[in-house]
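Beneath this line is the structure, given in structure tokens, with notes to follow.
Each chain gets a letter, A, B and so on, in the order its sequence line appears, and its residues count up from 1.
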There are 2 protein chains.
Amino acid sequence: MALEHAILVSLDERSGSGYELARRFEKSIGFFWAATHQQIYRTLKRMVELGWVTGHEVAQDGRPDKKVYEVADAGRAELARWLASPGEPETIRHDLSVKVRGASLGDPAALVDEVARHRDLHAERLDVYLAVEKKDFPDPSALSGRRLHQHLVLRGGIRAERALVEWCDEVLVALREDDRR
Amino acid sequence: MALEHAILVSLDERSGSGYELARRFEKSIGFFWAATHQQIYRTLKRMVELGWVTGHEVAQDGRPDKKVYEVADAGRAELARWLASPGEPETIRHDLSVKVRGASLGDPAALVDEVARHRDLHAERLDVYLAVEKKDFPDPSALSGRRLHQHLVLRGGIRAERALVEWCDEVLVALREDDRR
DNA sequence: GCCACCTATGCAACTTGTTGCACTGCACGC
DNA sequence: GCGTGCAGTGCAACAAGTTGCATAGGTGGC
């Protein structure tokens with residue numbers, strides 16, 4: 001599984017606590033890898049046992065103590081190994097497609113609403129990604145290294161969301177057209 | 001979870017055994033919902049207990065007996081309920097993006113190979129989908145009902161794979177360009 | 001005659017991911 | 001002074017997905 005690797009990548013960019021990692025997964029990392037704080041805490045614990053990261057407690061005043069984690073050499077080695085190892089393309093699980101395929105067994109109007117709702121959600125996400133791109137990567141052609149890689153991943157999110165919005169639109173036109181007949 | 005619903009949709013299109021369902025999930029249904037035979041057998045068992053499907057054994061000569069399942073009224077009701085209920089957009093888990101984002105921690109050439117490999121896999125899938133479209137849906141504008149829904153889902157697969165191929169190409173150009181500097 | 005592969009179902013063990021809850025303490029609005 | 005929300009960590013139970021194996025007869029190649 002790649003959650004460990006996603007955490008390694010994130011910790012390598014900047015060390016942090018489980019809580020901070022969870023926040024990053026809600027925003028930037030979460031654009032391409034979802035994880036809850038529960039998963040992150042459990043995985044960090046295992047990674048310490050494996051020697052991939054080291055953790056030390058940091059006292060804070062006014063706030064609870066936190067444990068800050070850093071990538072260890074063994075973690076960097078594991079990441080390098082994994083980066084070079086071939087992986088399977090993702091297994092797809094797309095609820096909305098199941099719903100569209102089963103459309104004739106339910107209420108057509110309700111399905112149209114559901115597709116329209118997803119269309120708007122994806123359009124919103126697309127806007128967020130485009131705003132991030134404009135703000136953080138104003139001159140893409142000048143990028144290199146880490147910043148380039150971050151931008152490329154964002155580009156993937158943009159392409160994926162755009163494709164989804166367009167697909168939803170295609171579905172909506174077709175379903176409404178079919179309804180009228 | 002939607003595996004049950006994907007099975008209901010598939011069984012509604014045509015009754016079949018667990019084994020047959022597993023085959024369908026390898027091809028058409030698997031285009032948007034992956035499942036192994038283990039999951040399918042287990043889920044079918046649960047669905048019988050819930051009264052969503054009925055199963056009866058069918059003796060075959062030369063081959064092992066099979067259990068053929070059919071959708072029951074309660075199953076159709078559940079499917080209708082689920083179709084009208086709002087769902088979350090998919091949680092994304094994209095290995096390759098994690099790899100790209102962590103690129104600076106591994107061998108650049110190995111990552112380029114990995115991205116190129118995925119590019120070819122997605123291009124292959126795209127070709128398969130396009131071939132299916134040409135063969136099974138030669139006149140898309142004339143479609144309605146169930147056939148229309150099947151075609152729309154296929155369109156989603158085509159859009160998704162095309163977006164992935166194009167993203168891989170963008171990544172390859174950028175990584176190679178960056179390497180040269 | 002043996003090996004490999006297909007049809008067909010399923011158990012058991014394991015890994016992952018989800019959900020609900022528990023505990024602490026500060027800040028802020030009303 | 002009370003509820004809400006944020007920061008922070010974590011257990012426990014459950015649901016879902018994966019992997020390895022077992023069983024059993026039939027087909028087809030060498």
Side-chain angles (χ1 to χ4, degrees), chain A residues 1-7 11 15-27 29-30 32-50 52-53 55-69 82 87-95 98, chain B residues 1-8 11 15-27 29-30 32-50 53 55-69 82 87-95 98:
Chain A
M1 83 140 164
L3 174 55
E4 298 139 345
H5 303 107
I7 290 177
L11 281 183
S15 300
S17 68
Y19 188 87
E20 283 161 1
L21 281 169
R23 312 244 69 185
R24 290 185 215 169
F25 272 80
E26 267 172 38
K27 42 178 198 72
I29 313 283
F32 55 96
W33 198 278
T36 63
H37 76 278
Q38 273 311 319
Q39 272 175 276
I40 291 167
Y41 283 128
R42 217 200 303 157
T43 305
L44 279 171
K45 204 179 164 185
R46 187 154 31 97
M47 288 168 80
V48 170
E49 283 161 25
L50 288 166
W52 294 1
V53 296
H56 52 274
E57 296 205 9
V58 174
Q60 305 186 106
D61 51 47
R63 291 180 182 184
D65 297 356
K66 63 178 178 180
K67 283 187 207 160
V68 172
Y69 295 90
W82 177 75
E88 293 295 303
E90 312 310 308
T91 52
I92 308 145
R93 274 170 195 171
H94 201 226
D95 269 64
V98 179
Chain B
M1 84 134 166
L3 174 55
E4 298 140 342
H5 303 106
I7 290 177
L8 285 172
L11 282 183
S15 299
S17 68
Y19 188 85
E20 283 161 1
L21 281 169
R23 314 244 68 186
R24 290 184 214 171
F25 272 79
E26 268 171 38
K27 44 180 195 72
I29 312 284
F32 56 97
W33 198 279
T36 62
H37 75 278
Q38 274 309 321
Q39 273 174 276
I40 292 167
Y41 283 127
R42 211 186 323 141
T43 305
L44 279 171
K45 204 180 164 186
R46 188 154 31 98
M47 288 167 79
V48 170
E49 282 161 26
L50 288 166
V53 296
H56 53 273
E57 295 204 10
V58 174
Q60 303 184 105
D61 50 47
R63 291 178 182 185
D65 296 356
K66 64 178 177 178
K67 284 188 207 161
V68 172
Y69 294 89
W82 178 75
E88 293 297 301
E90 311 311 308
T91 52
I92 307 143
R93 277 176 190 165
H94 201 227
D95 269 65
V98 179

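Counting heavy atoms from C-beta on, the side chains of B:Leu8 and B:Val53 come closer than 4.5 Å.
Between B:Tyr41 and C:dT9, a side-chain N or O to OP1/OP2 separation shorter than 4.0 Å is present. The side chain of A:Ser17 places an N or O atom within less than 4.0 Å of a non-bridging phosphate oxygen (OP1 or OP2) of D:dT9.
Distance CZ (B:Arg93) to P (D:dG17): 11 Å, rounded to an integer number of Å. As a whole-Å value, the separation of A:Leu44 CG from D:dG8 P is 14 Å. Between the P atom of C:dG10 and the NZ atom of B:Lys45 lies a distance of 8 Å, rounded to the nearest Å. In this structure, A:Glu88 places its CD atom 11 Å from P of D:dT18, rounding to the nearest Å. The nearest whole Å value for the distance from the CD atom in A:Glu90 to the C1' atom in C:dG17 is 16 Å. C:dA8 atom C1' lies 14 Å from atom CD of B:Glu26, rounded to whole Å. When rounded to the nearest whole Å, the span between CD of A:Gln39 and P of D:dG17 equals 14 Å. Atom CD1 in A:Ile40 sits roughly 11 Å away from atom P in C:dT18 (whole-Å rounding).
In this structure, the side chain of B:Glu4 does not engage the main chain of B:Thr43 through any donor-acceptor pair within 3.5 Å.
Here the nucleotide nearest the side chain of A:Tyr19, chosen from D:dG8, C:dG10, D:dT18, is D:dG8. With distances taken from any side-chain atom of A:Tyr69 to the nucleotides C:dC11, D:dG17, D:dG10, the minimum falls on D:dG10.
Side-chain to base pairing of B:Gln38 with C:dG10: one donor and one acceptor N or O lie within less than 3.5 Å of each other. No hydrogens or angles were tested; on distance alone, a donor-acceptor pair under 3.5 Å links the side chain of B:His37 to the base of C:dG10.
Between A:Glu20 and the choices A:Lys67, A:Lys66, A:Lys27, the salt bridge (Lys or Arg N to Asp or Glu O under 4.0 Å) rule is met once, by A:Lys66.
Salt-bridge annotation for A:Glu26 and A:Arg23: present, with a side-chain N of the basic residue lying under 4.0 Å from a carboxylate O of the acidic one.
Where A:Arg42 and A:Lys67 each meet DNA chain D at their nearest nucleotide, the meeting point lying more 5' is that of A:Lys67.
No engagement by B:Thr91 is indicated, since no non-hydrogen atom pair under 4.0 Å with the nucleic acid exists.
The CG atom of B:Leu3 sits 7.5 Å away from the CZ atom of A:Arg93 when rounded to the nearest 0.5 Å.
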